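As the structure is a computational prediction, the values presented were derived from the model and not from experiment.
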Amino acid sequence: MASEEKDGTTRPAERPLLVLDDVYAGYGRAAMVLRGLSVKVPPRTVVCLVGPNGAGKSTVLKVASGLLRPREGRVVVDGSDVTGQGPQQMLRSGLAHVLQGHSVFREMTVEENVLLGAYTLRDRARIAERVAFVQELFPIVGERWKQLAGLLSGGQQKQVEFARSLMIDPKVVLLDEPSMGLDPKTTATVFQQITRMRDAGTAVLLVEQNARRALETADLGCVLDLGRVHISGPAAELLADQRLSELYLGGRPRSTA
Amino acid sequence: MDGTLLFQSLVLGVLLGGLYAILAAGLTLYFGVMRVVMIAHAAFVILAAYLAWWFHRETGLDPLFSMVLTVPLFFVIGVLIQRVLITRLRPATLTMMSVLLTFAIALLIEGLLGLFWSGTQRRVQLSYSGDNFEFFGARIAVVKLIAFGLAVLSLALLFLLMKKTRFGLALRATIQHREAAQLVGIRTDWVAGIGFGIGLATAAIGGTALSLDATIYPSLHWSWIGPLMAIIVVGGLGSIPGTAIAALVLGVGQSLLQVELGTTWAQTLFYVALFLTLMLRPQGFFGGRLAQRF
Amino acid sequence: SGDPRGGDEDVVLIGVSLPLTGDFSEPGKGVQRGYEAWVESVNRDGGLLGRRVELKILDDQSAADRVVQDYEALIALHEVDLVFGPFSTRLVIPSARVAEEYGMLFVEPAGAANEVFEQGFENLFYAAPAIANDHYDHLADHILSLPEDERPQTVAVASMDDPFAQATAYGLRDRLREGGLEIVVDEEYPPNTTDFSSIAAKINASGADMVVGGTQYQDAVNIIVQLQQLDYQPKLAAFSTAPTNPEFSAAIGSRTEGIVSPTGYTPDAPFPSNVEFVELYQEMFGTPPAEDEANAFTTGQVVAAAVEAVGCAEQGECQERLVDWLHENEVETIVGPLSWDGQGRPEGAHLIQQYVDGEIRIVLPGETREAEFLYPKPEW
Amino acid sequence: MPGWVRPAALAVGVALVLLFPELVPNAYVLSAGVIVASYACTATAWSFMGGFTGYVSLGHAAFFGMGAYGTGILIRDLSLQPFLAWLLSGLIVLVITIPVGIAALRVRGASFVIVSISFVLILLLVSQAWEAFTGGANGLNVPRPFADLYRPDHHRIFFYLFVALLAVMLLTWWVIDRSRFGAGLKAVREDEDKAEALGVPTRDYKLAAYLISATFTALAGGMYALWFGDLDPIFQFSILLGAYMVLMALLGGVRHLFGPLVGAVVVGSALEYFKLEFGDTQLHLVFTAILLGIVVLFMPDGVIPAAGALLRRFGPQDTSIREITAEELLERNRAAAEREGAAAGRGGGKPSDGSGETP
Amino acid sequence: MSEAAKKPATGLETVRLTKSFGGVRAVDEATVAFRDGRINALIGPNGSGKTTFFNCVTGMIKPDSGSVLLRGKEITGRPPHRIARGGIGRSFQLCRIFPRMTLLENLLVAVRATGLRQLLAPAREAEAIERARGLLVRVGLDHLENAEAGAISYGQQKLLELAGVLMSDPDTIMLDEPAGGVNPSLIGRIGSLVRELNAEGKTFLIVEHNMEMVMSLSDHVVVFDRGRPIAEGPPSVVQEDPRVLEAYLGV
Ligand SMILES: Nc1ncnc2c1ncn2[C@@H]1O[C@H](COP(=O)(O)OP(=O)(O)OP(=O)(O)O)[C@@H](O)[C@H]1O
Ligand SMILES: Nc1ncnc2c1ncn2[C@@H]1O[C@H](COP(=O)(O)OP(=O)(O)OP(=O)(O)O)[C@@H](O)[C@H]1O
Ligand SMILES: [Mg+2]
Ligand SMILES: [Mg+2]
């Protein structure tokens, strides 16, 4: 796929921070989910993965963050081959992953949840600074600081999760449907943060079902189907493609009625 | 009941409660925090008591010194059990299957104890086993006081470890959402293993304390596991202070009831308390998390 | 494994199930040693009816369901010629039923409680001098013979909830109560009790002059230690079974002095077969035999007497003849001559032993005593 | 597998079971057969609760013991005909289980395990302490229903009685397993709250399963009492007995009709063998432990499913992902939509701008 | 009389429904009515009490005060299964399926049964299987019929849950974020499915943050904020309401 293009602001042909090369992966004895998948995420870029349910998007992120070992293929982070390493090593190589669905620590307080986001950090001042930042970004986090996270509403939990992932500054961020369950206002905040991270030099691999919105934010887009990248290209081009819209982005609003 | 007997029973109850507390502390750690129902905990306690007895018989040294060996040994065994066995269980059925798996471990320990040291009842023969001193008209046995002291000390350590260290945080996170914990950089397999090791280390301490003033035999653990389970439920699963308070209350209660009702009926106190707790306050009386939901 | 018969017709195979593990393993092993000593002695003398004797021992783990399966296996699977009884009243009743229903003679060394003899068994014989309720008869006689002001006035009783243990303690308790002593504590605890501090506290608080324990083994050790911890000093302390166990003095340490216990047996008894038995036992195991060992040996003697008299030892009709013979005859044993009533009760009494100068000695009744009865007992 | 295999296997199995008393070499093996049959009854009875609803009870020995003691006490105190006493005692346990079940089923998961363990421990204490009623530690003697039988004949009769009881249980199990009631119970096993939201009256269903399970266990216990004759608190109300039920059911596979039965045959014979061969040491405990450990770790669904999985390993791999792309799918759906055209038109005809009414 | 008959009947109604958790008033004296036969939407910012409202209505939580009425009949505080049998089906926001059953079995469980005869009737009856397969096709999961539900993707689980609710054939269908995590092309199909069922007479109550879906699908929208309704009306009206713009859409 194309890695060096578009958006005149970024310099071309920068070395990608995350590369998945011809990856095959699957769960247990079931059939392979990813079959020869390749993705590259350059720095200062948001790559958006879209595709039908069950296409393997989450699986891609799991392989990238080391939660799932690929059966074949390579995972490269910032130039070094990290295939088969576990999540802790991946995190050390500068890669963070926010899971799909709900992954707060339900029986721990919001405070503990957020501080666990900084588990690898030792610098107290920095942690305090970050805490202040996420509390401001998501007011609910500050308001419910001492409450058990599992008692928050669905969307509030997602906010805590996102806040948790903002505690560190990774080189590569994998986001699995960060906007799911969030109200429109908060969704906007989340997408702002994604842009901010991108602008700070982070490579973002974003999976979204809110595909229009995501592609509007993203630089590059990949359409995943049957465990392979089906089509990829600049996000704007994908958005413009009538047929793709119909297939994967739900057509135009009201057009199905 | 006259005053001295009442006070004597009270004193005995407090001392007994201390022992209950340390024996139950590990159990609440696995159960409340790690969601493993560790039926074999009492078996490990008895194993530790056997090792203390054996150590004393072989070396002639005070059985308390056996802890130098048993505490690290149990820690390692705990880590291994978690890393080799418990991790193999499916998360969906962890609670149920852990009951059966640890039941098997309990049987295994019982069987091996019987194999090596026979079913005979054993008792450490200490020169000071009958020593006692007066305390406001009651008598306190030296051995019981030592056991009580050990319990208090190790409970305090355990509490600090869980509440004040990063380890405690990491352990709880690991149990609640393993993948998410991995993704914030926690080495989940080691954390869970070490948590288990610590639980078993308390069994080593508790077992040694027990061995000072009790008779042991391989199947003894069955008579301990019931009361210990009741204590951790009443105290609130996962809550160490809760466990300590429940242990003291039930220990004193048992001690006092025994005078009026006799030992058999007095033992039902634990189960009555257990049922009442689950009916009225499933989260336990002294904090801790909801007992009924897993 | 492997069938020890191996088609060998020259062997008399005797089946036993014993609690080698579990709650009763301590006495169970004693019984095993007694049986082994008896086999050794019989074989040295040329066997039974000229055939060598072999034992087939199974472990019932002190469990009733096991003991039944064991006798079932011994009789139906291993096809033993004779069976001996197991240990403990609890186990004797179910196993006696198996033997009864297979028509086997059942001589047993341990089922001493009254219940055993009330089940209507016709093939059962208890091979010891007295049933449990009568164990303390000599002690009761002695206490009641003391002048009023020297007697203990108050008695504390604690007994394990076990037919045998209770029978011994309650036999004494009832006689003392009839004799006018006051029972100030009467406690009962289940066999799996581990914490005796409350019982001890209660006994201590009552300040009873005398403490009676209906005990097996470990419970006695525990009660005594707990009483010591409370600094309770009775004038008389009697515990069944435990003090006669060779491990007892090691467990209590130097503080056994004056503790009393009934026994059906003493190694020093003058009966001729006993002298031989003690010698043989010493040779085999290096220690003098205790009561359980002796009862087991007695069991062997009783069965041997019947077999030799009737002239057969196999399953089937022979067993009936053995039973009939025992009902009608007296047998000379290491505990003296034994005879039984219709239910298999022996008709005798136990001796009373006491730790005197660190040794357990017979102190009652007067004619057989090896030492003076220590009363009041020294502090422990 | 051809269609005739199942019925044929079943017929052979039934014939073997019925002929068993005639085939055994001696009365001991027959008595072991009675024990295994009683185990099969208890394990199957257990799986009505543990299998369907996933509520693992380690305390089913409580019902076994109550059934046994109930039978004995009814015969002793009311001089009832033994089998009448047996049925009545099953009924009494059923009644007692109603309040117990309502209380115990308020908690789930591990707490339920604890409650079940405590239930059996309480009954142990009560049966020991309430001497006047239960005979305490002296035990309780249950008179033989058939007087003066030679022991092997006694075993033979009871073998058939246990098998008949087992047949009733298996039939009940089969009916429930394929019913909507069974489906509701299985939903409880997976996610109780969700099941409730779908309209499954979870509490009533659980209670019903618990009652069936308890009553059958009690009937097995009562039968055992009539066969065995001597009851003792420590052995009737033991956790180990409850654990054996779980082990057997689990080993065979709780989701299969014959799972607990297979488990009981395997474990029951193994236990009997271990105890006979290694009974003089504690090795039999070690063997039991290892067996349990292997089952839990390597075949948590039991031998029957494990065997099935092994067979399937040689078959084709399962697929779970769609083998057509979204594009092809769209075409297919389009075609389908066109076919349904008219009907869809009626449905879609409703004004969707919602301007029709104001509240 | 005839006037009332013409108007769509008020189906689900709450009167001053209140539920607080500690200090948080999750639902605060909410008085709302949803008419039968409509597609109603319930929107509001995160934490505004929508899910709690659902839980109170379906009996999963006991409200502190106030009442829930279904066609005029009080159902407050009834156990969830009774409410479900009364014809209210719901899905969960944090999707709940039976993970160790196949997709088909998941649906078969949802068949309602009452009375002993029905209870003991076989669960895998041909008619039910037929219906279940039909639903699986409609949510695009037919190829996974025999897969274990725990092994399908997050979005697929949401679809399965939706199918399960439909399978139980309730009159009133309450969906908590049915579109969350679902592919946009499928959202369209779910929309037409909802409309179709609505035409057959089903009432819907949908909580959703996907504005496109809410606006295109619903007849009536209720907006929640801090546990109480702040606006309601047809989508086009609500969309313009300044309070809604302020509190929810954040523009
Ligand atoms: N734990 C698992 N075990 C077995 N198969 C799985 C597992 N998780 C996912 N799958 C299968 O892998 C495929 C891809 O799943 P994945 O979660 O990657 O999809 P996705 O693209 O993220 O879908 P969604 O948009 O619904 O989240 C699916 O077909 C699913 O059935
Ligand atoms: N069990 C509980 N204990 C304590 N507080 C709770 C509990 N459940 C919900 N809350 C609180 O009640 C409020 C409403 O939560 P609810 O889940 O109903 O919100 P919601 O409208 O569904 O939000 P979302 O759009 O994020 O799903 C929240 O502030 C939440 O923290
Ligand atoms: Mg996904
Ligand atoms: Mg919600």
Side-chain angles (χ1 to χ4, degrees), chain B residues 1-13 15-16 19 110-111 114-115 118-134 138-144 210 213-220 222-224 251 254-264 266-267, chain C residues 19-29 59 61-63 158 160-161 185-207 216-232 242 245 247-255 380:
Chain B
M1 198 189 315
D2 74 85
T4 30
L5 178 55
L6 189 76
F7 184 61
Q8 178 71 58
S9 298
L10 197 73
V11 169
L12 284 172
L15 294 172
L16 179 65
L19 192 60
E110 184 185 336
L115 211 54
S118 82
T120 307
Q121 301 187 328
R122 309 285 183 176
R123 194 186 160 92
V124 176
Q125 286 150 25
L126 287 175
S127 55
Y128 55 91
S129 69
D131 290 359
N132 59 78
F133 59 87
E134 197 185 313
R139 290 267 160 193
I140 292 183
V142 172
V143 280
K144 289 195 159 79
L210 181 72
D213 191 35
T215 296
I216 49 177
Y217 50 92
S219 61
L220 176 62
W222 295 119
S223 34
W224 278 98
Q254 185 194 16
S255 189
L256 294 180
L257 279 182
Q258 268 175 350
V259 176
E260 289 300 322
L261 300 178
T263 43
T264 316
Q267 275 186 56
Chain C
L20 301 176
T21 52
D23 294 348
F24 303 128
S25 60
E26 202 50 44
K29 284 183 189 138
D59 174 18
Q61 300 133 26
S62 315
M160 182 191 274
D161 190 356
V185 174
D186 195 352
E187 284 287 298
E188 202 184 299
Y189 51 86
N192 53 3
T193 306
T194 52
D195 176 25
F196 289 89
S197 52
S198 291
I199 291 176
K202 217 163 152 181
I203 294 173
N204 180 35
S206 77
Q216 287 282 11
Y217 171 70
Q218 199 57 51
D219 49 333
V221 174
N222 282 335
I223 291 178
I224 293 169
V225 171
Q226 297 298 326
L227 287 174
Q228 289 169 347
Q229 287 182 357
L230 294 172
D231 208 19
Y232 166 68
N245 189 308
E247 305 240 332
F248 179 76
S249 58
I252 302 291
S254 56
R255 302 160 131 165
W380 52 17

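In this structure, no portion of B:Leu126 lies under 4.5 Å from any heavy atom of chain C. Looking at B:Thr4, there are no atoms closer than 4.5 Å to chain C (heavy atoms on both sides), in backbone or side chain. Heavy-atom distances place the side chain of C:Val221, and not its backbone, under 4.5 Å from chain B. Neither the backbone nor the side chain of B:Val142 comes within contact range of chain C; no heavy atom of the residue lies under 4.5 Å from a heavy atom of that chain. Looking at B:Ile216, neither its backbone nor its side chain comes within 4.5 Å of chain C, counting heavy atoms on both sides. The contact between C:Gln218 and chain B is made by backbone and side chain atoms together, counting heavy-atom distances below 4.5 Å.
Residues passing the side chain to side chain donor-acceptor pair (under 3.5 Å) test with B:Gln258 are C:Ser198, sequence neighbours excluded. B:Arg139 is linked by a side chain to side chain donor-acceptor pair (under 3.5 Å) to B:Asn132, counting only residues two or more places apart in sequence or in another chain.
At distances below 3.5 Å, not a single donor-acceptor pair connects side-chain atoms of C:Asn222 with backbone N or O atoms of C:Ala220. A donor-acceptor contact shorter than 3.5 Å is absent between the side chain of C:Trp380 and the backbone of C:Val225. Under a 3.5 Å cut-off, the side chain of C:Asp59 and the backbone N or O of C:Leu20 do form a donor-acceptor pair. Remark: side-chain polar atoms of B:Gln254 are not paired, donor with acceptor, to backbone N or O of B:Gln267 under 3.5 angstrom.
Each of C:Lys202, C:Arg255, C:Gln228 has some count of heavy-atom pairs under 4.5 Å with chain B, and the biggest count is that of C:Lys202.
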